[in-house]
Amino acid sequence: MKIENLVEEVKIIAKNAGAAIMNIYTDADLSKVVDYKADDSPLTLADEAADKVIKKGLEELSVQYPILSEEGKKMSYEERKDWDTFWLVDPLDGTKEFIKKNGQFTVNIALIKDHFTIMGVIYVPATDTFYYGSELGAFKEEGGEKTELKVNNKNTDRIAVRSASHASPEEDELLAKYDVKDSISKGSSLKFCLVAEGKADIYYRHGPTMEWDTGAGQAILEAAGGKVFTGNEEKERFDYNKENLLNGSFLCLGF
C-alpha cells in the first residue's frame, strides 16, 4: 500500500476512535468512571473503547503489522525484539486532560520501521483536527482546510511548549541555553504538533513517558523539518522498540 493511502486509512481509524472517545467524554456518568493502573496512571472507559476501535481497524488493513498499544496485551521484549515494522498506538493520550475536561487529548497512531518512526497520525477529537506526517511531509487538517506544516527555524526569542500536567527544574535549566523568551502550556502529544506548526520552537521533556506517547508526534515533527533527540543534547535521534518501553528524557527542536 502506498504511504499516502496508508495515511488516509489510518486517519479514518483515528477518527473512529475519536468518536468512541467523545461518546464517553460527553456522557456525564461514563466520563467520571476512572480506574488506576499499577503505576497509578489513570484509565478511563474511553481509553479502552478507543483501543478496541484502533485494533480492529489496523487488523482489517491490507498491510499487516504487529500492534504495540498502551492498552493492549503486555508484550515481553522477547516477543517483539525481532519486529522490523509495527504499529505503535496510544488510544487516548492525555488521559489526565480528558478527566480535566479541557479537550487537550489525542489519538496517536505511529508506524515504526527499523527502530525509527516513519509515519504518524494524531487526531484531536474535541476539535476534529488532524495532524499527520510521513515522507510526503507534515500536514494539519481543521475545518475542512489542509495546510502544510513547517517548523519556525528561529534563531532567537524562541518559545517553548511545556506540559500541562508535568514540569521539572531540569527543563528550566535546559531552556535557558536556547534563548527561550516565553513558554506555553499544552497537554498530550499536542506539544509536538505546536512545534511542527511553528507555534513553538522547542519542547524538552525530562520526566518519564512511554514509547507510544512520542511515536506519532515525532513522525509529524520530523516531517515538518524538526528534530527529536535522545536526552538533552543534539546527538542521537530518538528511537523505538527498546528493551524498556519507558522513555528517558528527549529534546524536540524546530530549528
Side-chain angles (χ1 to χ4, degrees), residues 41 90 93-98 100 102-106 108 110 116-117 120-124 126-127 129-133 137-140 142 147-240 242 246-255:
S41 60
D90 192 342
D93 185 38
T95 302
K96 291 181 180 178
E97 315 311 321
F98 176 94
K100 291 176 186 175
N102 65 15
Q104 296 178 24
F105 49 87
T106 58
N108 297 355
F116 292 103
T117 181
V121 172
I122 289 176
Y123 180 60
V124 191
T127 59
T129 303
F130 280 106
Y131 295 88
Y132 52 96
F139 301 90
K140 178 181 181 179
E142 184 176 37
T147 55
E148 187 170 8
L149 304 180
K150 293 291 184 184
V151 296
N152 258 334
N153 284 313
K154 283 173 65 177
N155 293 319
T156 59
D157 297 334
R158 292 175 175 134
I159 297 174
V161 59
R162 309 186 69 170
S163 173
S165 299
H166 311 273
S168 72
E170 289 84 358
E171 291 175 22
D172 294 325
E173 186 178 334
L174 181 132
L175 295 178
K177 299 176 183 178
Y178 282 95
D179 195 35
V180 171
K181 299 301 184 185
D182 200 2
S183 65
I184 50 181
S185 176
K186 191 67 72 172
S188 71
S189 59
L190 288 169
K191 294 181 283 295
F192 287 93
C193 300
L194 289 185
V195 180
E197 62 182 319
K199 291 182 178 178
D201 306 290
I202 181 171
Y203 165 38
Y204 173 62
R205 179 63 182 263
H206 183 76
T209 57
M210 300 299 291
E211 288 195 1
W212 40 73
D213 294 315
T214 58
Q218 180 175 353
I220 295 163
L221 178 52
E222 290 180 340
K227 301 178 181 70
V228 181
F229 297 101
T230 297
N232 60 4
E233 296 181 321
E234 298 174 45
K235 290 183 178 179
E236 297 179 12
R237 185 185 176 199
F238 204 72
D239 63 341
Y240 293 86
K242 299 181 288 292
L246 184 70
N247 290 333
S249 57
F250 59 86
L251 175 64
C252 304
L253 301 179
F255 49 86

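Here the structure is a predicted model, which means the values were calculated and not measured.
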Next on the checklist: If you define the side chain from C-beta out and look only at heavy atoms, does anything of K227 sit under 4.5 Å from E234?
Outcome noted: no
Checklist entry - Taking only residues two or more places apart in sequence or in another chain, which ones pass side chain to side chain donor-acceptor pair (under 3.5 Å) with K242? => result E211
Item to check | Neighbour count >12 (heavy atoms, 6.0 Å) for atom CD, E170 | outcome: yes
Checklist entry - Between Y240 and Q218, is a side-chain contact (heavy atoms from CB on, under 4.5 Å) present by the stated rule, with each step listed? => result CA-CA 11 Å; Y240 293 86; Q218 180 175 353; 2.7 Å; yes
Next on the checklist: Could you walk me through whether L251 and N232 satisfy the side-chain contact (heavy atoms from CB on, under 4.5 Å) test, starting with their C-alpha distance in whole Å, then the side-chain angles of each, then the deciding distance to 0.1 Å, before giving a yes or no?
Outcome noted: CA-CA 6 Å; L251 175 64; N232 60 4; 5.6 Å; no
Checklist entry - Can you tell me how far the CG atom of N102 sits from the NZ atom of K186, to the nearest 0.5 Å? => result 8.5 Å
Checklist entry - To the nearest 0.5 Å, what is the distance between OG1 (T129) and CD1 (I122)? => result 11.5 Å
Checklist entry - So, the side chain of N247 versus the backbone of P208: is there a donor-acceptor pair under 3.5 Å, distance only? => result no
Checklist entry - Roughly how far, to the nearest 0.5 Å, is the CZ atom of R162 from the NZ atom of K191? => result 11.5 Å
Item to check | Over all atoms of both residues, closest heavy-atom pair of I220 and G133 | outcome: CG1-N, 3.5 Å
Item to check | E148, CD: over 12 other non-hydrogen atoms inside 6.0 angstrom | outcome: yes
Item to check | ring pair (Phe, Tyr, Trp, His ring centres under 6.0 Å) partners of residues 209-234, not counting sequence neighbours, each pair once | outcome: none
Item to check | Test item: E97 and L190 side chains (from C-beta on) under 4.5 Å apart, heavy atoms | outcome: no
Checklist entry - Taking S188 for the side chain and Q104 for the main chain, is one N or O donor matched with an acceptor at less than 3.5 Å? => result yes
Item to check | Spacing of OG1 belonging to T156 relative to CZ belonging to R158, to within rounding of 0.5 Å | outcome: 7.5 Å
Checklist outcome for this item: Shortest non-hydrogen pair, V124 vs G103, comes out as CG1-O, 4.1 Å
Checklist outcome for this item: With sequence neighbours left out, the residues meeting side chain to side chain donor-acceptor pair (under 3.5 Å) with T230 are none
Next on the checklist: side-chain contact (heavy atoms from CB on, under 4.5 Å) for V228 and T214? Distances and angles first, verdict last.
Outcome noted: CA-CA 10 Å; V228 181; T214 58; over 6 Å; no
Next on the checklist: Could you measure the distance from the CG atom of D90 to the OG atom of S189? Nearest 0.5 Å is fine.
Outcome noted: 7.5 Å
Item to check | Residue pair V180 / D182: nearest heavy atoms and the distance that separates them | outcome: CG1-O, 3.2 Å
Under 3.5 Å, side-chain donor or acceptor atoms of residues 192-204 against the rest of the protein: list the pairs with distances, not counting sequence neighbours.
residue, atom, partner, partner atom, Å
E197, OE1, K140, NZ, 3.1
E197, OE2, Y131, OH, 2.9
D201, OD1, N152, ND2, 3.2
D201, OD2, I159, N, 2.7
Y204, OH, H206, ND1, 3.0

Checklist entry - Does a side-chain heavy-atom distance below 4.5 Å link K181 with D179? => result yes
Checklist entry - Side chain of T117, backbone of G215: donor and acceptor closer than 3.5 Å? => result yes
Checklist entry - Where the side chain of D93 meets the backbone of N108, is there a donor-acceptor pair that is under 3.5 Å apart? => result no
Next on the checklist: Going by side chain to side chain donor-acceptor pair (under 3.5 Å), name the residues that satisfy it together with S249, two or more places apart in sequence or in a different chain.
Outcome noted: none
Next on the checklist: If I compare all heavy atoms of F255 with all of N153, which pair ends up nearest, and what's the gap?
Outcome noted: CA-OD1, 3.2 Å
Checklist entry - Residues two or more places apart in sequence or in another chain: which of them pass side chain to side chain donor-acceptor pair (under 3.5 Å) with T95? => result D47
Next on the checklist: Parallel, tilted or perpendicular: which one describes the rings of F98 and F105, with boundaries at 30° and 60°?
Outcome noted: perpendicular
